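Here the structure is laid out as structure tokens; the discussion comes afterwards.
What you see is a predicted model; the values in this text were computed from it and never measured.
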Amino acid sequence: MKRIFTVPCVLLILMFALVALALQFRTPNIADPDGFYHFRHAQIMREQGVFSSAFPWAQFSEISEKSADLWYGFHVLLMPFTYLVSEPVAIKFAGAAGAFALLMLVWAALRKLKVKGAALWALLFIIATPDIPFRIAMTRPHVLSLGLMLFIFAATLEGSPWAVAVAAMLFAWLHLSVAWIPVVVIGVILFFSLVHRAHVPWKHVLGMSAGLLAGMLARPNPAGGLQLAYTQVVRFAAVKAQELPLRFGRELVPFGWENFVTQLLPLALLVVIALCFLGWAVWSRNFKLIEQKRRIALWSSLALAALFGILAFTAAGRAAELAAAFAVVALALIASSYPAFASRA
């Protein structure tokens, strides 16, 4: 019988755990005040039951009006941490657990895509931009949804429909307001599958659809949750377009060029170099030496990096971390394809 926990696997888990703890405890401060909100919501659910979605301190918000929870699954997962005596320490350990899960999901996604040195690329991802280590240290659901997004991408190309369904269900259960992201991800994969006249993964599309629906319904008051998601995504965008001096939602403000210089310039230079090498591979016809699924994965990751990059500068700056994630995937795929690209066959 094949052993599951081999020595390399145990070492990988320990390394990711130490990195996650280092990211979280490098400072005594809580990375983001939203962690207190999520932690308190989990405490209420522990005390009143997992079917409780009300939040008594949000009396004048739609959270109270709709009595719904956008991040229901995330609050369920936080409940065990509420048994720790010190609230700040509990929030930090919860954040470290989230960062560890993200690293494992990124590693699993890159492994599915047959990337060489997947663990190294997972570690490189967390320093891809100066903002990512700070974002990963937050005790917020986007840390998990980011990893699930990459896993859905990889599983659609190299995994089973059941894996996509489970990941999509967790995605919507944890972070309902961004449940449209897996739809965009698989839509881009479908486009490049059609362009390359490859097998279209319809079963994976059905799996994703069923998973998202299950994740939306697996919560108290799913209708109220959908209404809150509409408010956060659509109505907030309409208010933001009026250029009102809002005191919240800074991460939903579009990036400016100063952000490109401070956040994305090093990664962008690496992508430009990789694109030059990729252009040479296409021109020399060596690009066709790699298997079809990898070509689809490569073009899809580049397209998604560009798409989310555009969204970061036109809609919400937080899309930059999505762009960075797919840029790292593209870089990893190009680097792993070097033997084929450099051959003279």
Side-chain angles (χ1 to χ4, degrees), residues 19 22-24 26-27 29-35 37-38 95 98-99 102-103 106 121-150 153 175 177-178 180-182 184-185 188 232-276 300-332 334:
V19 170
L23 283 172
Q24 190 60 240
R26 71 187 189 276
T27 170
N29 301 320
I30 301 296
D32 184 79
D34 280 10
Y37 163 79
H38 293 299
L102 170 64
L103 284 168
V106 174
W121 284 104
L123 292 174
L124 288 175
F125 162 68
I126 64 175
I127 58 170
T129 72
D131 195 42
I132 286 180
F134 171 68
R135 297 277 298 167
I136 291 175
M138 295 179 179
T139 308
R140 293 176 60 181
H142 74 264
V143 177
L144 297 176
S145 60
L146 179 60
L148 287 168
M149 174 194 70
L150 291 180
F153 174 80
H175 205 170
S177 59
V178 292
W180 54 270
I181 291 177
V184 173
V185 169
V188 171
Q232 189 180 60
V233 177
V234 180
R235 290 182 60 189
F236 182 82
V239 172
K240 187 174 59 175
Q242 300 176 23
E243 298 184 354
L244 298 176
L246 301 177
R247 299 179 63 184
F248 61 93
R250 292 292 183 90
E251 61 186 13
L252 300 178
V253 175
F255 263 11
W257 288 111
E258 67 278 5
N259 300 113
F260 174 79
V261 174
T262 58
Q263 296 291 333
L264 300 174
L265 184 57
L267 181 61
L269 290 175
L270 287 176
V271 172
V272 169
I273 294 171
L275 286 175
C276 291
S300 297
S301 57
L302 286 171
L304 287 165
L307 174 62
F308 287 121
I310 292 170
L311 285 176
F313 285 89
T314 59
R318 67 182 300 175
E321 69 187 38
L322 309 181
F326 282 109
V328 171
V329 170
L331 290 172
I334 292 172

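No donor-acceptor pair closer than 3.5 Å links the side chain of His142 to the backbone N or O of His175. Formation of a donor-acceptor pair under 3.5 Å by the Gln24 side chain with backbone atoms of Ala137 is found in this model.
For the atom pair CZ (Arg318) and CZ (Phe255), the distance works out to 11.5 Å, reported to the nearest 0.5 Å. Taking CG of Leu146 as the start and CD1 of Ile136 as the end, the distance is 7.0 Å to the nearest 0.5 Å. For the atom pair CG of Asn259 and OG1 of Thr129, the computed distance is 11.0 Å after rounding to the nearest 0.5 Å. Rounded to the nearest 0.5 angstrom, Leu322 CG and Leu311 CG are separated by 8.5 Å.
Contact annotation: the side chain of Val143 never approaches that of Arg135 to less than 4.5 Å [non-hydrogen atoms, C-beta and beyond]. Contact of the Leu269 side chain with the Val272 side chain is not registered, since no non-hydrogen atoms from C-beta on lie closer than 4.5 Å. Counting only heavy atoms from C-beta outward, the side chains of Val329 and Trp121 never approach each other to under 4.5 Å. Side chains of Phe134 and Leu23 form no contact here, defined as non-hydrogen atoms less than 4.5 Å apart. Side-chain contact check for Leu148 versus Phe153: every heavy-atom pair is 4.5 Å or farther apart. Side-chain contact between Phe125 and Leu102: present, with at least one pair of heavy atoms (C-beta onward) separated by less than 4.5 Å. Side-chain atoms of Val185 and Met149, non-hydrogen and from C-beta on, do get closer than 4.5 Å to each other. Within the 4.5 Å cutoff, no side-chain heavy atoms of Thr139 are placed close to those of Asp34.
When all heavy atoms are compared, the tightest approach of Leu331 to Leu270 is CD2-O, 3.7 Å. Minimum interatomic distance between Ala312 and Ala319 (heavy atoms only, all atoms of both residues): N-CB, 3.8 Å. Pairing each heavy atom of Ile132 with each of Ala324, the nearest pair is CD1-CB, 3.8 Å. Nearest heavy-atom pair, Phe308 versus Ala323, reported as atom, atom and distance to 0.1 Å: CB-N, 3.6 Å. Scanning both residues, Ala122 and Leu103, for their nearest heavy atoms gives O-CD2, 3.7 Å. Residue Pro141 comes nearest to His38 through the heavy atom pair CD-NE2, 3.7 Å, listed as atom of the first residue, atom of the second, then distance.
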Report task. Show the numbers, then the answer: is there a side-chain contact (heavy atoms from CB on, under 4.5 Å) between Leu275 and Leu302? Result -> CA-CA 9 Å; Leu275 286 175; Leu302 286 171; 3.9 Å; yes
Query - Derivation and outcome, side-chain contact (heavy atoms from CB on, under 4.5 Å), residues Leu150 and Phe326 - result: CA-CA 8 Å; Leu150 291 180; Phe326 282 109; 3.9 Å; yes
